[in-house]
Amino acid sequence: MSSARRHLVSIDDLSLAEIKSLFEHAKRFAEDLRGFAKVCPGLISASLFYEPSTRTRLSFESAMLRLGGGVLTAADMRATSASKGESLADTVRVVSGAYADVIVLRHASEGAARLAAQYSAVPVVNAGDGSHEHPTQTLCDLYNLWLERGRIEGINVVLAGDLRYSRTIHSFVYALARFGANIVCVPQPGFELPAYVVQRLREEFAVEPVRADATRLGDLALASDAVYLTPQKPHQLSLFTDGGKGLAVGRVDALYMTRPQTERFKGDDLPIQKYQQLSKREMSVESLRDAVVMHPLPRRDEIQPDLDEDPRSIYFKQAARGVPIRMAILAFLLERIDLGVPAHSLDARYYPAPVGENPCRNTTCISRTETRHVRALYRLAARFPIRAHCAYCSHEIVAPLVGCTTTRHAHFFDSASARRIRPDHMVFFASEAEAAAAGYAPAARAAAAT
Ligand code: NCD
């Protein structure tokens with residue numbers, strides 16, 4: 001399994017310096033889109049799209065063709081052996097053999113790209129995995145901000161719409177936090193950022209959600225509980241004035257709108273009475289005077305056509321820029337350009353969960369949908385008390401008991417004795433009964449018996 005090659009599964013797979021270097025390369029490619037056909041001749045990219053796509057697939061394929069490479073496409077997976085029950089792991093093993101030099105994968109299950117990367121002999125690009133991440137859309141979005149605003153550090157970005165299921169938002173928010181942008185969330189009520197995303201922002205990027213006063217955003221934020229995501233540094237806070245009711249949103253640099261991801265809604269989601277909408281009227285408030293309007297597209301009614309000709313609307317330009325940034329991504333992963341910065345040292349805190357039940361409870365995680373090939377894998381977020389996330393979908397692993405595979409004792413996740421378990425010996429249990437069934441004795445009793 002696996003190779004030492006770079007994959008692009010999460011936006012965290014790239015350092016900020018690498019991301020900025022990709023922007024420089026994309027800019028160079030954009031200046032002469034037809035002038036780089038000698039970068040990837042003889043190389044082939046395979047598009048494996050288990051979900052619909054217009055921009056992502058076509059811009060990747062255009063990018064590969066413009067670099068002088070070739071493209072294989074499986075865009076209707078019902079016409080492939082997937083419909084005969086072939087697993088993603090097997091498909092990837094075959095396609096990454098002699099068929100292709102890079103795989104661009106879109107899949108409905110969260111964590112699919114991480115699984116694919118484990119089985120692929122060539123780089124895997126995550127072109128969207130369920131509602132989890134969409135790192136190349138984020139690179140496109142950041143590239144747009146960098147071109148339009150000249151920087152990302154310290155700019156004020158408002159995120160609106162369905163923040164719960166939009167994978168573009170999740171990758172974007174991690175990257176914005178790392179760049180030190182100021183983020184204001186004005187979600188559609190009931191579609192706030194998921195808990196696991198907020199947790200990750202807290203744990204890894206020291207970002208705390210603070211209630212924001214978004215009255216200056218006018219009708220857009222009328223029904224929303226606006227939240228300001230702040231890196232805990234005082235100089236960041238000073239960019240916002242205290243409006244008495246919380247941090248007031250002042251001048252906005254970019255407003256990022258998203259559609260309702262209806263295809264991902266679950267039974268317990270609030271019915272949507274009236275979805276947020278942007279039109280000339282909403283955009284007439286002073287705080288949005290200079291804000292560029294962005295959208296990953298496709299849009300439905302959340303951006304009215306009367307805004308299309310507004311100079312602040314950049315969503316079509318944003319989509320066009322998907323080609324040069326994807327040329328840079330492919331050329332980098334295929335080792336045809338040098339980013340000129342040290343390679344990002346990747347997070348090594350991934351451990352296989354050696355035995356027992358799969359501890360991930362997220363029903364849309366690849367570890368639950370493709371059980372034949374998935375080895376439960378987790379990321380340790382904190383040692384005391386123990387906090388771990390599923391390495392595929394990033395959801396928190398809720399496990400009150402953590403076993404040690406060498407002593408076969410089960411410890412409470414927040415007990416002092418649990419501190420001694422080596423991460424590669426940890427196994428997670430939802431209950432004492434589950435631990436006992438796997439042959440793990442509760443730590444206290446086991447200690448008394450010895
Ligand atoms: C997005 C996606 O597929 O997540 N589209 C895209 O890649 N540009 C956004 C969406 O479908 O709403």
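Indexing begins at 1, ligand by ligand and atom by atom, following the structure's order.
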L159 vs V186 side-chain heavy atoms within contact, under 4.5 Å: no
Verdict with supporting geometry, Y315 and Y256, ring pair (Phe, Tyr, Trp, His ring centres under 6.0 Å): CA-CA 9 Å; Y315 29 91; Y256 192 97; over 10 Å; no
Aromatic plane relationship, Y351 with Y378 - under 30° parallel, 30 to 60° tilted, over 60° perpendicular: tilted
Aromatic ring pairing F23/Y143, orientation class (parallel under 30°, perpendicular over 60°, tilted between): tilted
Aromatic ring pairing F36/F29, orientation class (parallel under 30°, perpendicular over 60°, tilted between): perpendicular
Min side-chain heavy-atom separation V158-D253 under 4.5 Å: no
Residue shell around ligand 1, heavy atom under 4.0 angstrom: T56, R106, H134, Q137, R167, T168, R259, Q261, P296, L297, P298
